[in-house]
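Residue numbers count from 1 along this sequence.
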Amino acid sequence: MMRFLSTIPLSRTALAVCALLVTALPGAASALAGEFTVTDGKAAAEISEVSRIYIDGVLAATIRLDDHTPEKTIRVTTPVGRVEHTYTLCGEITIRTPEGRVETHEVNSDGTLHNPDGHHFYALGSDNFTEFFLQDPDDLDAAEHHPGQSNVCATPVS
């Protein structure tokens, strides 16, 4: 009878590393199926912005914008086997009104991303900084905004 392992001089450590690689790498490679990017930029009327982006209920990023960081782009990885993803935008935007008053508006909205892998979305606001959503200007059907406020965002306390 042949004994394959006994003829190769491998230490126990080398065998353990080989076993770890054989079992860990296939799972790691298939854990993430794709990615997309999101850019958030500070509007001219904004003083500052802090927003959190959740994908499928999991925090993907926190973006802080001010005069020193007027724009930021993040990469979001998506789990294997899914082409529809929910998103939630939460946070606060502080603006200066044309009259000179400072106002803070809550970022609080939901939507759905349709097959977002490879897309580049922009975080946008409308209706005097009351509606917030993601949009890919090259494919308007890639993101769907659900008007109104999200039930996910907690009210800021400070």
What's the shortest heavy-atom distance between A142 and D136, and which atoms? CB-CB, 4.5 Å

Take V83 and H114 through the side chain to side chain contact (heavy atoms under 4.5 Å, CB included) test and state the conclusion after the steps. CA-CA 6 Å; V83 294; H114 306 287; over 6 Å; no

Does one hydrophobic cluster hold both L124 and V107, with members joined at side-chain heavy-atom distances below 4.5 Å? yes

Do T39 and E71 have side-chain heavy atoms sitting under 4.5 Å apart? yes

Atom pair OG/CD of S51 and E92 - distance to nearest 0.5 Å: 9.0 Å

Without swapping roles, check the side chain of S109 against the backbone of F132 for a donor-acceptor pair under 3.5 Å. yes

Looking at OG1 of T69 and CZ of R64, how far apart are the two atoms once the value is rounded to the nearest 0.5 Å? 11.0 Å

If the plane angle is over 60° it's perpendicular, under 30° parallel, otherwise tilted; pick one for F133 and H145. tilted

Do S48 and D66 have side-chain atoms, one donor and one acceptor, less than 3.5 Å apart? no

To the nearest 0.5 Å, what is the distance between OG1 on T88 and CG on L59? 10.5 Å

Kindly give the heavy-atom pair with the smallest separation between L134 and A123, and that separation in Å. CD2-CA, 3.8 Å

Which is it for V76 and E35 under the side chain to side chain contact (heavy atoms under 4.5 Å, CB included) test, yes or no, and what are the steps along the way? CA-CA 5 Å; V76 178; E35 74 175 20; over 6 Å; no

Any side-chain heavy atom of Y54 sitting closer than 4.5 Å to one from L89? no

Start with the C-alpha gap between T104 and T94, add the side-chain angles, then the distance that decides, and say whether side chain to side chain donor-acceptor pair (under 3.5 Å) holds. CA-CA 4 Å; T104 299; T94 302; 3.3 Å; yes

Taking only residues two or more places apart in sequence, or in another chain, which ones meet D67 in a side chain to side chain donor-acceptor pair (under 3.5 Å)? K42

Walk me through it: do I53 and I63 pass the test side chain to side chain contact (heavy atoms under 4.5 Å, CB included)? CA-CA 8 Å; I53 299 174; I63 297 176; 3.9 Å; yes

State which residues pass salt bridge (Lys or Arg N to Asp or Glu O under 4.0 Å) with R101; sequence neighbours excluded, sorted by chain then number. E99, E103

In Å and rounded to the nearest 0.5 Å, what is the CG to CD distance from D110 to E144? 11.0 Å

Could you measure the distance from the CG atom of D40 to the OH atom of Y122? Nearest 0.5 Å is fine. 11.5 Å

Given H85, H146, E84, the one that forms side chain to side chain donor-acceptor pair (under 3.5 Å) with T112: H146

Ignoring hydrogens and angles, tell me if any N or O in the side chain of D56 forms a donor-acceptor pair with the backbone of T86 under 3.5 Å. yes

Is there a side-chain contact between F36 and I55 (heavy atoms, below 4.5 Å)? yes

Answer yes or no: is there a side-chain heavy-atom contact under 4.5 Å between T78 and D117? yes

Name the one of L65, I93, T62 that satisfies side chain to side chain contact (heavy atoms under 4.5 Å, CB included) with V50? T62

The reported gap from CG in D139 to NE2 in H120 (rounded to nearest 0.5 angstrom) is 13.5 Å

Residues R96 and G100: closest non-hydrogen pair is NH1-O, 3.3 Å

